[in-house]
Amino acid sequence: MPLRVPGRLFTALATGGGGADALRLLARAEHSRRLACALAVTRAAGEAGGEVADAAAGAWELLAAAHRADPAAVAGVLSHPSAGTALTGLLARLDRFVEGGTGVACAPPVHWFSALAAAAAVRAGVPATVRWPMTTDQVFLPSLGGARFPGARPGDLAEVVVDGGGAARIGVAGLGSPPVEVPQVPSGPSGRWRAAHRLVVPDTGAPLLLDDADPLRFPGVPERPLGLTPGDLHWWEATAREAGRLLRDQHPGTYAELVAGPRTLVPVDRPGSFSGSSAEAFGAMALSRPRSARGLALSMAHEMQHGKFSAVLHLFDLFEPDGEELYYAPWRPDPRPLLGLFHGAYAHLGVAEFWNRRRDVEQEPGELALAEARFARWRTGAREATEVLLASGRLTALGQHFAQTMLGALDALCRLPVPAEARRRGMALAAEHRAAWVRRNGVPEAQLI
């Protein structure tokens, strides 16, 4: 069935919000996209032929059987962030092979597609035996978890068995190591089992997860876990609980979007307050260890904006592609293409809203002054970038409407009074960033777009 976005939700998204209804709609759209990717993988593998075609066809048939038994189970697997990473990455490699541009003699393996199908069978309780060639010593089921099998080598067969009663186990065919039972509620480490940790489970029942187990948990991170200590995990749990309370009590709109569906945090070993999102891993965000609950709350608010915008771009063409222009972005050290500028402007509209709300709740004078200055900086920066977008000549009619709605929301923020000292401080930070950008990139101020 066609997916229709009501005008009120589209406009609400363009103002930087949208609420739980918009998040649930975008999640349905992303699930539909994953189904399309799974079918495209099956067809591309069929064109590649041989064992790859047979493995993909078997995975598709098992997905179909699981869907007939329990559609929600399949949705839970395909909607998991790592399913997007697996399917789009595999589809890109298969397409390159079919087009003859890879320079290799054989098609890429489709073991992650087989693993997705096996996870769907486990969650739906569909009897099945699924095997695929291993590339590491780990057998992993996306959205569920997995285990390592010391002694297993590339080429050995991973084996997932779901019996008639719905019980499941994973192992390696022919390896002396015994199989591992799949827990009824896979969460965190349990014996040899490894899975994402449940940090917070709000009233909606959709958990906030910390995933350091899934090899495809986020594009670009190492397959091996970061290696969280019990102390690290306790820090994440305590900070996430406090951040959740902060958002619930002081940022209800952001909180409603956070708990509208499962959300996955991926810890990364990066200095400072790093956070990132991926268009193909909807619902996941990569984060360095948060310094405070407020910092975690801000990072989640920021990355949820990116996630929403990526999902909107999967549905609508907001600008004409293939332009070569690069632009100044008040939040980046490097020149950005139009896509990056649009993404950043939308995300920083949310950041400005966050700091505006902090102005109402901060009690300590120093923290209040910080909130005022950051609000002044980011409302202005996001507005300037949005004006550049509107003047670029590359927005579609729908993109013009979206950006114009953003500008209206930012104009409303810019009309709010801010103490003179905070405004001066915010503008000084903006000017300092701009001057440093000019020095770094060698672009004269007069030519800055």
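Predicted model, so just to flag it, every value in this text is computed and none were measured.
- To the nearest 0.5 angstrom, S32 atom OG is 7.0 Å from L3 atom CG.
- A donor-acceptor pair under 3.5 Å is absent between the side-chain atoms of N441 and the main chain of D334, judged by distance alone.
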Would L209 and R198 satisfy side-chain contact (heavy atoms from CB on, under 4.5 Å), going step by step from the backbone distance to the final call? CA-CA 5 Å; L209 302 173; R198 293 187 175 217; 3.7 Å; yes
Are E325 and L338 close enough, and set up right, to give a side-chain contact (heavy atoms from CB on, under 4.5 Å), and what steps lead you there? CA-CA 7 Å; E325 303 91 343; L338 191 76; 6.0 Å; no
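- One finds the CG atom of L91 at 10.0 Å from the CD atom of E280 (value rounded to the nearest 0.5 Å).
- Annotation: side chain of L398 is in contact with side chain of L318 (closest heavy-atom distance under 4.5 Å).
- Taking the side chain as every heavy atom from C-beta outward, L313 and L339 approach each other to under 4.5 Å.
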Show me, pair by pair, the donor-acceptor contacts under 3.5 angstrom made by side chains of residues 378-390, not counting sequence neighbours?
unit_1, atom_1, unit_2, atom_2, d
R379, NH1, L413, O, 2.8
R379, NH1, L416, O, 2.9
T380, OG1, A376, O, 3.0
R383, NE, D411, OD1, 2.4
R383, NH1, E387, OE1, 3.1
R383, NH1, E387, OE2, 2.7
R383, NH2, D411, OD1, 3.0
T386, OG1, A382, O, 2.7

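- Geometrically, R434 engages Y328 in a cation-pi contact defined by less than 6.0 Å to the ring centre and at most 45° from the axis.
- The shortest distance between side-chain heavy atoms of F319 and S392 does not fall below 4.5 Å.
- Of the charged side-chain nitrogens involved, none lies within less than 4.0 Å of a carboxylate oxygen, so that R123 and D70 do not count as a salt-bridged pair.
- Of all heavy-atom pairs spanning W236 and P290, the tightest one is CH2-CD, 3.4 Å.
- The shortest side-chain heavy-atom distance between E223 and Q138 does not fall under the 4.5 Å cut-off.
- With respect to the salt-bridge test (charged N to carboxylate O, under 4.0 angstrom), the residues D137 and R224 qualify.
- Under the 4.5 Å side-chain criterion, counting only non-hydrogen atoms from C-beta, W112 is not in contact with T85.
- Heavy atoms only, all atoms of each residue included: A53 and A45 are closest at CB-O, 3.3 Å.
- T264 contributes atom OG1, which lies 8.0 Å from atom CG of L208 (distance to the nearest 0.5 angstrom).
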Check against side-chain contact (heavy atoms from CB on, under 4.5 Å), L226 and D232: CA-CA 11 Å; L226 186 60; D232 293 331; over 6 Å; no
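- Of the possible polar contacts, one joining the R217 side chain to the P222 backbone as a donor-acceptor pair under 3.5 Å is found.
- With hydrogens and angles ignored, the 3.5 Å screen pairs a side-chain donor or acceptor of D156 with a backbone N or O of R153.
- Using a 4.5 Å heavy-atom threshold, the side chains of P108 and L94 count as touching.
- Smallest separation of non-hydrogen atoms from L287 and S299: CD2-CB, 3.6 Å.
- Screening Q250, E367, E353 for a side chain to side chain donor-acceptor pair (under 3.5 Å) with R358, the sole residue that qualifies is Q250.
- Although no hydrogens or angles enter the test, the distance criterion places a donor-acceptor pair under 3.5 Å between the side chain of R394 and the main chain of E320.
- Pairs of residues two or more places apart, or lying in two chains, that qualify as side-chain hydrogen bond (donor to acceptor under 3.5 Å, both in side chains) and include a residue from residues 301-316 are E30-H314, E257-K308, S275-E303, S277-E303, H302-H306, Q305-K308, H306-H343, S310-H343.
- A distance of 5.5 Å separates CG of L349 from CE of M406, quoted to the nearest 0.5 Å.
- R34 contributes a side-chain N or O that, together with a main-chain N or O of L78, makes up a donor-acceptor pair within less than 3.5 Å.
- With contacts defined as side-chain heavy-atom distances shorter than 4.5 Å, the pair H80/L144 does not qualify.
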Could you walk me through whether E159 and V130 pass the side-chain contact (heavy atoms from CB on, under 4.5 Å) check? CA-CA 6 Å; E159 184 176 72; V130 188; over 6 Å; no
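- Between R357 and T254, the side chains place no donor N or O within less than 3.5 Å of an acceptor N or O (distance only, hydrogens not considered).
- Of all heavy-atom pairs spanning P333 and W437, the tightest one is O-CD1, 3.4 Å.
- Atom-to-atom distance recorded for S82:OG and D211:CG is 7.0 Å, nearest 0.5 angstrom.
- Inter-residue side-chain proximity for W355 and L298 is flagged as met; some heavy-atom pair is nearer than 4.5 Å.
- The structure places CZ of F113 at 9.5 Å from CG of L62, a figure rounded to the nearest 0.5 Å.
- R270 approaches S288 most closely through the heavy-atom pair O-CB, 3.3 Å.
- Across all their heavy atoms, G261 and A206 have their closest contact at C-CB, 3.5 Å.
- Residues forming a ring pair (Phe, Tyr, Trp, His ring centres under 6.0 Å) with F402 (at least two apart in sequence, or on another chain): F10, F309, Y346.
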